[in-house]
Amino acid sequence: MGVRRKYIRTTIEQLLESYDIKTAPVDVEKLASLVGANVQYEPTEDKLSGFILKDLQKQTVLIGVNKNHPKNRQRFTIAHELGHLLLHKKGRIHVDHKFQINLRDEHSSTGVSEEEKEANLFSAELLMPAKFISNDLAEIEAFDLFDDEYLKKLADKYQVSIQALTFRLAYLNYIQL
Ligand SMILES: [Zn+2]
């Protein structure tokens, strides 16, 4: 199938537009509640980032986040789980009482499966929307992208790690890694 890059970009653009989100940082927890998912923070073992539980009968969704992780990582996790929720609707029509569980562990950050890659891309697109980045970068000189202080400032604005921002800038072809 391959990662649906265009579809993911469009899905997020529509999402941001319908909830009138125009500036960073994107409030992913609020967005989760707007699409009907409840976010809960629980301390858990380090290798677990979060999970999504769908109660197909009650039609409720719970996103669990590892409270022990740094704030930026928690935001990434929420966005990642939202990706699963909005992109991977497999099983939606099952009418059993069981929760459908989708655990996310450290391996997913390297993108082991297509679905994990898609959820990770969704997360990057949501936390650092291409248009927002383009607007911010329009105001600066290309030279600044190699300025660590500027990168730190930009990462703080989006509430993401510098590493996540750097990958994103490379993905969007602003820099080469
Ligand atoms: Zn995942």
Side-chain angles (χ1 to χ4, degrees), residues 1-19 21 24-40 44 47-56 59-66 69-94 98-134 155 158-177:
M1 176 179 82
V3 172
R4 297 165 294 171
R5 294 171 191 269
K6 245 195 183 147
Y7 174 70
I8 291 170
R9 174 80 51 92
T10 310
T11 300
I12 283 167
E13 279 171 0
Q14 286 168 353
L15 202 60
L16 295 174
E17 204 180 300
S18 55
Y19 294 112
I21 299 168
V26 174
D27 188 341
V28 283
E29 188 180 335
K30 188 176 158 197
L31 191 63
S33 88
L34 288 169
V35 299
N38 202 5
V39 179
Q40 261 180 37
T44 179
K47 66 178 182 184
L48 185 68
S49 294
F51 59 84
I52 183 161
L53 289 167
K54 297 183 202 170
D55 186 326
L56 299 173
Q59 297 209 315
T60 57
V61 180
L62 171 67
I63 290 175
V65 182
N66 191 343
H69 281 170
K71 196 88 183 55
N72 289 345
R73 179 98 186 263
Q74 292 179 14
R75 283 169 51 73
F76 185 89
T77 298
I78 296 170
H80 177 101
E81 302 305 341
L82 279 176
H84 282 310
L85 179 65
L86 298 174
L87 301 172
H88 309 135
K89 295 179 178 172
K90 236 189 305 179
R92 190 175 51 158
I93 53 163
H94 281 293
K98 270 192 206 158
F99 281 106
Q100 191 183 346
I101 190 158
N102 193 340
L103 292 172
R104 173 170 176 253
D105 61 27
E106 278 179 338
H107 300 290
S108 70
S109 55
T110 54
V112 284
S113 72
E114 295 289 296
E115 289 200 347
E116 289 315 300
K117 283 183 197 166
E118 287 199 337
N120 285 337
L121 178 58
F122 184 95
S123 186
E125 292 272 354
L126 182 60
L127 294 171
M128 295 163 280
K131 272 182 193 152
F132 294 11
I133 296 274
S134 150
Y158 286 80
Q159 289 179 23
V160 296
S161 67
I162 290 179
Q163 191 194 36
L165 176 65
T166 307
F167 282 147
R168 182 68 174 147
L169 293 177
Y171 180 86
L172 294 171
N173 290 317
Y174 290 108
I175 56 171
Q176 279 189 316
L177 291 180

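Keep in mind the model is a prediction, meaning the values are calculated, not measured.
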Student: Looking at every non-hydrogen atom in both residues, tell me the closest pair between Gln159 and Pro25 and how far apart they are.
Tutor: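 Looks like NE2-CG, 3.3 Å.
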
Student: Report the C-alpha separation of Tyr171 and Arg5 in whole Å, then their side-chain angles, then the decisive distance to 0.1 Å, and conclude whether the side-chain hydrogen bond (donor to acceptor under 3.5 Å, both in side chains) test is met.
Tutor: CA-CA 11 Å; Tyr171 180 86; Arg5 294 171 191 269; 2.9 Å; yes

Student: Quick check for you: to the nearest 0.5 Å, what is the distance between Leu121 atom CG and Arg9 atom CZ?
Tutor: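 Going from CG on Leu121 over to CZ on Arg9, the span is 8.0 Å.
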
Student: Would Ser161 and Arg73 count as a side-chain hydrogen bond (donor to acceptor under 3.5 Å, both in side chains) here? Give the steps.
Tutor: CA-CA 8 Å; Ser161 67; Arg73 179 98 186 263; over 6 Å; no

Student: Would you say that Val61 contacts Leu53 through its side chain, given a criterion of any heavy-atom pair below 4.5 Å between the two side chains?
Tutor: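 No, their side chains stay 4.5 Å or more apart.
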
Student: Taking all non-hydrogen atoms of both residues into account, name the closest pair between Met128 and Leu165 and its distance.
Tutor: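 The pair with the smallest heavy-atom distance is SD-CA, 3.7 Å.
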
Student: Does Ile162 offer a backbone N or O that forms a donor-acceptor pair with the side chain of Thr166 under 3.5 Å?
Tutor: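 Yes: the side chain of Thr166 pairs with the backbone of Ile162.
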
Student: Which distance, rounded to the nearest 0.5 Å, do you find between the NZ of Lys117 and the CD1 of Ile8?
Tutor: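 Here the rounded value is 11.5 Å.
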
Student: With Phe122, which of Leu15, Leu127, Leu85 fulfils side chain to side chain contact (heavy atoms under 4.5 Å, CB included)?
Tutor: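 Only one option passes, and that is Leu15.
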
Student: Could you give the distance from CD1 (Ile52) to NE2 (His88), rounded to the nearest 0.5 Å?
Tutor: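 The distance works out to 11.0 Å.
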
Student: Name the one of Ile63, Ile12, Leu87 that satisfies side chain to side chain contact (heavy atoms under 4.5 Å, CB included) with Leu82?
Tutor: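 Of the listed options, the one satisfying the test is Ile63.
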
Student: Using side-chain heavy atoms (C-beta onward) and a distance below 4.5 Å, is Phe167 in contact with Leu177?
Tutor: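 Contact flag for Phe167/Leu177 side chains = yes.
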
Student: Would you say the side chain of Tyr158 lies within less than 4.5 Å of the side chain of Ile133, judging by non-hydrogen atoms?
Tutor: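 Heavy-atom side-chain distance check passes, below 4.5 Å.
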
Student: Can you check whether Thr44's main-chain N or O pairs, donor with acceptor, with Asn66's side chain at less than 3.5 Å?
Tutor: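 Side chain of Asn66 to backbone of Thr44: a pair is present.
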
Student: Side chains of Thr77 and Ser49, heavy atoms from C-beta outward: is any pair under 4.5 Å?
Tutor: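 Yes, at least one pair of side-chain atoms sits under 4.5 Å.
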
Student: Between the side chain of Glu114 and the main-chain N/O of Gly2, is any donor-acceptor distance below 3.5 Å?
Tutor: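 Yes, because the side chain of Glu114 sits within donor-acceptor range (under 3.5 Å) of the backbone of Gly2.
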
Student: Flag the pair Asp27 / Ile21 as yes when at least one side-chain heavy-atom distance between them is below 4.5 Å, and no otherwise.
Tutor: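 No; the side chains remain at least 4.5 Å from each other.
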
Student: Taking the side chain as every heavy atom from C-beta outward, state whether Val65 and Val39 have any atom pair closer than 4.5 Å.
Tutor: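 A side-chain contact exists here, since the closest heavy-atom pair is under 4.5 Å.
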
Student: What's the shortest heavy-atom distance between His80 and Ala119, and which atoms?
Tutor: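 That would be CE1-CB, 3.3 Å.
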
Student: Could you measure the distance from the OG1 atom of Thr11 to the CG atom of Leu126? Nearest 0.5 Å is fine.
Tutor: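 These two atoms lie 11.0 Å from each other.
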
Student: Can you name the nearest heavy-atom pair linking Phe132 to Leu16, along with the distance?
Tutor: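 Nearest heavy atoms, Phe132 then Leu16: CZ-CD1, 4.2 Å.
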
Student: Restricting to non-hydrogen atoms, name the atom on Arg75 and the atom on Val26 that form the minimum distance, rounded to 0.1 Å.
Tutor: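 Taking every non-hydrogen atom into account, NH1-O, 2.8 Å.
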
Student: Determine whether Glu29 and Gln74 make a side-chain contact, defined as any pair of heavy atoms from C-beta on separated by less than 4.5 Å.
Tutor: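 They are not in side-chain contact.
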
Student: Taking the side chain as everything from C-beta on, heavy atoms only, tell me whether Val28 gets closer than 4.5 Å to Phe76.
Tutor: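 Heavy-atom side-chain distance check fails, nothing below 4.5 Å.
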
Student: Establish, from distance only, whether the side-chain atoms of His84 and Glu118 form a donor-acceptor pair under 3.5 Å.
Tutor: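 The criterion, which ignores hydrogens and geometry beyond distance, is not satisfied for Glu118 and His84.
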
Student: Could you measure the distance from the CD atom of Glu81 to the CG atom of Leu62? Nearest 0.5 Å is fine.
Tutor: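 Going from the CD atom of Glu81 to the CG atom of Leu62 covers 10.0 Å.
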
